[in-house]
Amino acid sequence: MARAIGIDLGTTNSLVAYVDDRNRPQVVVVDGKKALLPSAVHYRMDGGIEVGGAAKRGAAEKPVDTILSVKRFMGRGPGDIQPEDRGIYHFDETGSLVKLAVNHGKRSVTPVEVSAEILRVLKRRAAEHLSGPVGGCVLTVPAYFDDAQRQATKDAGRLAGLDVFRLVNEPTAAALAYGLDKRSQGTFAIYDLGGGTFDVSILKLTDGVFEVLSTGGDTHLGGDDFDRVVAERLLAENDLSSSPMLLRGAIAAAQKVREALTYQEMIEIDVDLPGGRILRAKLSRDDLEALIRPVVERTTETCLGALRDAGLAQNGGKKVDGVVLVGGATRTPLVRRHVKSIFGQEPLTDLDPDTVVALGAAVQADALDKGGRDDVLLLDVIPLSLGVEMMGGVVEKIILRNSTIPASATQQFTTYADGQTGMVVHALQGERELARDCRSLARFTLKGIPPMPAGLARVEITYSVDADGILAVSAKELTTGIEQKIQVKATYGLSEDEVERMLVESIEHAGEDVAERFLVEWRIEGERIIQSLESAFQVDGELLSPDERAHIEKRIKGLREAMTTDDYLAIKAWIESTDGASKAFAERRMNKHIARAMAGHRVDEFAGQVRPPDDQ
């Protein structure tokens with residue numbers, strides 16, 4: 001039987017979850033340990049595509065061809081590209097949507113296509129883990145994603161072959177997982193600071209009903225911004241340029257530094273950068289906090305605004321019963337202290353901020369699937385107001401932000417000029433008063449209005465927002481009954497024909513694509529193992545007897561020969577054989593280097609410096 005899944009399509013990492021036979025949400029792990037899939041996609045010159053850890057590891061050497069944080073580009077056009085992104089990626093700006101040029105411009109890919117590659121891997125992980133087909137899916141999106149970004153996310157799911165039940169806001173999914181796990185009641189703030197986006201939502205939880213009272217956020221704010229400011233500091237201290245290749249490597253180093261300083265007061269490491277350069281990083285937690293404090297403080301006003309919108313601004317927000325943290329960046333001690341200062345209480349930290357969104361998505365997917373739980377009701381809201389452009393470029397709001405969805409509203413309008421027989425309906429999203437400051441969603445013309453004096457015709461415009469937060473618009477002239485309807489397709493999304501074409505191509509080439517992906521992945525893994533062993537021979541070759549070394553080298557030779565073929569199963573088998581042959585060597589090397597590191601030290605000197613895996 002097909003099982004529904006929930007997917008957290010994240011900026012930095014993504015993961016998939018499901019509800020097990022005991023009615024408990026579980027994340028899908030790989031090899032018994034890895035749940036997070038790095039949201040990285042590398043486009044090889046030979047046409048192959050790598051997704052996840054393999055792609056991320058090669059990002060420093062191939063920054064233009066390796067797309068990271070693609071979520072920032074979803075539903076966006078060329079005018080939305082940030083200067084820092086132009087410093088890393090190349091863009092094909094011939095159309096109305098963002099296209100990333102890879103492989104020396106020989107290929108252009110949209111953010112929807114890149115995201116679909118990530119979703120395909122997650123779908124395959126779920127199918128392998130569940131030993132059966134994947135059913136419907138709930139995808140999560142930042143609460144502040146606008147209509148264009150939501151539509152782009154849904155298109156990515158369809159392109160990956162997923163049956164998308166619904167889009168759910170990430171903070172709502174987190175509250176869903178938290179509320180059901182703890183059977184909590186009350187009003188909660190969900191502070192979601194991920195790799196590339198920030199959201200805050202105020203939710204009321206009552207007897208299985210999750211009502212979003214208000215929401216706010218920034219789709220260009222997250223842990224990536226922490227890493228960028230740290231990387232720029234490290235490059236400057238090392239007198240290195242911020243070229244795309246060096247910057248990408250420095251950002252990866254900055255992420256490691258930031259994560260280490262979550263548990264340590266000081267870190268000093270040397271990082272190999274492309275071109276043989278060395279990046280020396282010595283940073284204290286105080287140094288880190290000084291660098292990232294301006295970024296963290298950018299979340300303050302958004303939180304206060306959400307409290308005001310929910311009617312909880314008095315007393316510093318202390319009427320909130322709890323604050324739930326979501327997103328890996330919330331592990332940073334400065335962030336947690338800042339959250340406490342805003343809401344007046346310690347944030348709740350007993351749930352893993354990296355997995356809670358996927359768990360909530362799985363719960364909602366199960367609720368929407370046949371036989372799922374029926375004790376859950378989500379009352380989500382529209383993050384940004386929806387309106388129509390009036391004469392002079394002003395905006396008339398039709399559905400206000402923080403309206404509960406699904407939602408529908410109707411207003412009547414009239415003609416501006418005598419004898420006017422048509423009216424352009426320009427749908428917009430945003431809080432500004434002028435059309436030029438809001439995001440354009442769609443434009444169409446209602447024709448056939450009877451010629452009358454200005455002000456006499458009556459045109460009824462209806463906006464309807466479905467459970468995914470996606471808009472449909474209709475305009476009807478009441479005298480004649482002439483009506484025009486449109487399902488809003490994002491200005492910067494893919495057309496229906498493009499999505500259908502890609503779906504057909506993905507089906508036609510499914511077998512080839514899967515085989516090619518496995519072949520690429522196992523060849524990369526084989527090369528990694530060979531390089532690692534050959535390097536180990538040079539450093540610690542004395543730990544091997546001649547017979548042992550000959551035995552391992554024989555396996556390496558067999559692996560090399562297998563890698564010249566197109567048989568990925570043979571490559572996998574030789575990798576496993578080589579791993580088995582070198583296991584004892586690896587253990588000796590580890591013992592040797594631990595002994596060297598501890599020489600001259602007492603065991604109690606290391607107390608408190610090492611934490612168990614569950615605390616990482």
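Atoms considered below: every heavy atom in the structure, side chains included; atoms not considered: hydrogens, waters and symmetry mates. When a residue number appears, it is its place in the shown sequence, counting from 1.
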K.L.:
Evaluate the criterion side-chain contact (heavy atoms from CB on, under 4.5 Å) for residue pair Thr355 and Leu15; output intermediate values, then yes/no.
P.N.:
CA-CA 8 Å; Thr355 63; Leu15 67 161; 3.7 Å; yes

K.L.:
Give a yes or no on whether a salt bridge exists between Arg3 and Asp21, defined as a side-chain N under 4.0 angstrom from a carboxylate O.
P.N.:
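Counted as a salt bridge, because a side-chain N and a carboxylate O are separated by less than 4.0 Å.
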
K.L.:
How far apart are the closest heavy atoms of Asn23 and Asp366, and which atoms are they?
P.N.:
OD1-OD2, 3.8 Å

K.L.:
Out of curiosity, Ile88 CD1 to Ser69 OG, how far, rounded to the nearest 0.5 Å?
P.N.:
8.5 Å

K.L.:
Could you tell me whether a side-chain N or O of Ser582 sits under 3.5 Å from a main-chain N or O of Phe585, the two making a donor and an acceptor?
P.N.:
no

K.L.:
If you define the side chain from C-beta out and look only at heavy atoms, does anything of Ile251 sit under 4.5 Å from Arg228?
P.N.:
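Contact flag for Ile251/Arg228 side chains = yes.
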
K.L.:
Name all residues meeting the salt bridge (Lys or Arg N to Asp or Glu O under 4.0 Å) criterion together with Glu542; count only those two or more places apart in sequence or in a different chain, and write none if there are none.
P.N.:
Lys592

K.L.:
Quick one: side chain to side chain donor-acceptor pair (under 3.5 Å) partners of Thr66, sequence neighbours excluded?
P.N.:
His42

K.L.:
Have Ser39 and Thr12 got a donor and an acceptor in their side chains that come within less than 3.5 Å?
P.N.:
no

K.L.:
Any chance you could lay out the side-chain contact (heavy atoms from CB on, under 4.5 Å) test for Thr140 and Leu9, step after step, and finish with the verdict?
P.N.:
CA-CA 7 Å; Thr140 62; Leu9 182 61; 5.6 Å; no

K.L.:
Write down the atom of Ala126, the atom of Ile5, and the distance for their closest heavy-atom approach.
P.N.:
CB-CG2, 4.1 Å

K.L.:
Could you give the distance from CD (Glu268) to CG (Leu283), rounded to the nearest 0.5 Å?
P.N.:
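These two atoms lie 11.0 Å from each other.
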
K.L.:
Any donor and acceptor pair, going by atom type alone, linking the side chain of Arg125 with main-chain N or O of Val16 inside 3.5 Å?
P.N.:
no

K.L.:
For the residue pair Gly327 and Thr330, what are the closest heavy atoms and their distance?
P.N.:
O-OG1, 2.6 Å

K.L.:
By side-chain contact (heavy atoms from CB on, under 4.5 Å), which residues pair with Ala17, not counting sequence neighbours?
P.N.:
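Result, side-chain contact (heavy atoms from CB on, under 4.5 Å) vs Ala17: Val27, Ala358, Leu359, Ala362.
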
K.L.:
Applying side chain to side chain donor-acceptor pair (under 3.5 Å), can you list everything that pairs with Thr578, at least two apart in sequence or on another chain?
P.N.:
none

K.L.:
May I ask you to test the Val70-Val41 pair for a side-chain heavy-atom distance under 4.5 Å?
P.N.:
no

K.L.:
Which distance, rounded to the nearest 0.5 Å, do you find between the CZ of Arg120 and the CD1 of Ile118?
P.N.:
11.0 Å

K.L.:
What pairs with Asp224 under salt bridge (Lys or Arg N to Asp or Glu O under 4.0 Å), at least two apart in sequence or on another chain?
P.N.:
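Residues passing salt bridge (Lys or Arg N to Asp or Glu O under 4.0 Å) with Asp224: Arg72.
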
K.L.:
For a quick check under 3.5 Å, do Ser577 and Arg555 share a side-chain donor-acceptor pair by atom type?
P.N.:
yes

K.L.:
Go through Ile556 and Ile552 one step at a time and tell me if the side-chain contact (heavy atoms from CB on, under 4.5 Å) criterion holds.
P.N.:
CA-CA 6 Å; Ile556 291 175; Ile552 296 174; 4.1 Å; yes

K.L.:
Tell me the closest heavy-atom pair linking Leu247 and Ala231, and the distance in Å.
P.N.:
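The answer is CD1-CB, 4.4 Å.
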
K.L.:
In chain order, what residues pass the salt bridge (Lys or Arg N to Asp or Glu O under 4.0 Å) check against Arg528, with sequence neighbours excluded?
P.N.:
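For Arg528 the salt bridge (Lys or Arg N to Asp or Glu O under 4.0 Å) partners, ignoring immediate neighbours, are Glu525.
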
K.L.:
List the steps and the verdict of salt bridge (Lys or Arg N to Asp or Glu O under 4.0 Å) for Arg331 and Asp352.
P.N.:
CA-CA 10 Å; Arg331 287 192 172 91; Asp352 183 350; 2.9 Å; yes

K.L.:
Cation-pi between Arg549 and Phe537: NZ/CZ under 6.0 Å from ring centre and within 45° of the ring axis?
P.N.:
yes

K.L.:
Please assess Gln531 against Glu527 for the test side-chain hydrogen bond (donor to acceptor under 3.5 Å, both in side chains), listing each intermediate value before the final yes or no.
P.N.:
CA-CA 6 Å; Gln531 291 180 358; Glu527 190 61 38; 3.3 Å; yes

K.L.:
Where do Asn103 and Tyr43 come nearest, in terms of heavy atoms and distance?
P.N.:
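Answer, listing the atom of Asn103 first, then Tyr43: ND2-O, 2.9 Å.
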
K.L.:
Rounded to the nearest 0.5 Å, how far does CZ of Phe198 lie from CG of Leu221?
P.N.:
7.0 Å

K.L.:
CZ/Arg589 to CG/Leu543 distance, rounded to the nearest 0.5 angstrom?
P.N.:
8.0 Å

K.L.:
Return each pair, listed once, that meets salt bridge (charged side-chain N to carboxylate O under 4.0 Å, His left out) where at least one residue sits in residues 251-260; pairs must be two or more places apart or across chains.
P.N.:
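Of all non-adjacent pairs touching residues 251-260, those that pass salt bridge (charged side-chain N to carboxylate O under 4.0 Å, His left out) are Asp227-Arg258.
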
K.L.:
With a 4.5 Å cut-off on side-chain heavy atoms, are Glu232 and Leu235 touching?
P.N.:
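No, every pair of side-chain atoms sits at 4.5 Å or beyond.
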
K.L.:
Do Glu170 and Asp199 touch side chain to side chain, with heavy atoms closer than 4.5 Å?
P.N.:
yes

K.L.:
Determine yes or no for a side-chain-to-main-chain donor-acceptor pair under 3.5 angstrom, with Asn169 supplying the side chain and Thr172 the backbone.
P.N.:
no

K.L.:
Could you note down all residue pairs passing ring-ring contact (aromatic ring centres under 6.0 Å, His included) where residues 2-41 supplies at least one of them, sequence neighbours left out?
P.N.:
Tyr18-His129

K.L.:
Give a yes or no on whether the backbone of Gln149 and the side-chain of Thr153 come within a donor-acceptor separation of less than 3.5 Å.
P.N.:
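Yes.
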
K.L.:
Do Leu159 and Leu119 come close enough that some side-chain heavy atom pair is under 4.5 Å?
P.N.:
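Counting from C-beta outward, Leu159 and Leu119 never come under 4.5 Å.
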
K.L.:
Holding to side chain to side chain donor-acceptor pair (under 3.5 Å), I want the full list of residues that pass it with Ser115, two or more places apart in sequence or in another chain.
P.N.:
none

K.L.:
Do the side chains of Val51 and Ile49 get nearer than 4.5 Å, heavy atoms only?
P.N.:
yes

K.L.:
Check side chain to side chain donor-acceptor pair (under 3.5 Å) between Glu61 and all other residues, then give those that pass, not counting sequence neighbours.
P.N.:
none

K.L.:
Would you say Asn238's side chain and Leu234's backbone share a donor-acceptor pair under 3.5 angstrom?
P.N.:
yes

K.L.:
Can you see which heavy atom on Ala59 is nearest to which on Leu68, and at what distance?
P.N.:
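Nearest heavy atoms, Ala59 then Leu68: CB-CD1, 4.1 Å.
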
K.L.:
According to salt bridge (Lys or Arg N to Asp or Glu O under 4.0 Å), who are the partners of Glu548, at least two apart in sequence or on a separate chain?
P.N.:
Arg588

K.L.:
Can you measure from NE2 (His551) to OG (Ser545) and round to the nearest 0.5 angstrom?
P.N.:
10.5 Å

K.L.:
Quick one, Tyr89 and Phe73 - any side-chain contact, counting heavy atoms below 4.5 Å?
P.N.:
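Tyr89 reaches Phe73 side chain to side chain.
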
K.L.:
What I'd like to find out is whether the side chain of Phe145 reaches to under 4.5 Å of the side chain of Lys71, using heavy atoms alone.
P.N.:
yes

K.L.:
May I have all residue pairs that pass salt bridge (charged side-chain N to carboxylate O under 4.0 Å, His left out) and include part of residues 561-581, sequence neighbours excluded?
P.N.:
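The answer is Arg523-Asp566.
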
K.L.:
Between Leu162 and Lys123, does the side-chain contact (heavy atoms from CB on, under 4.5 Å) criterion hold? Intermediate values first, please.
P.N.:
CA-CA 8 Å; Leu162 292 165; Lys123 179 184 177 183; 3.8 Å; yes

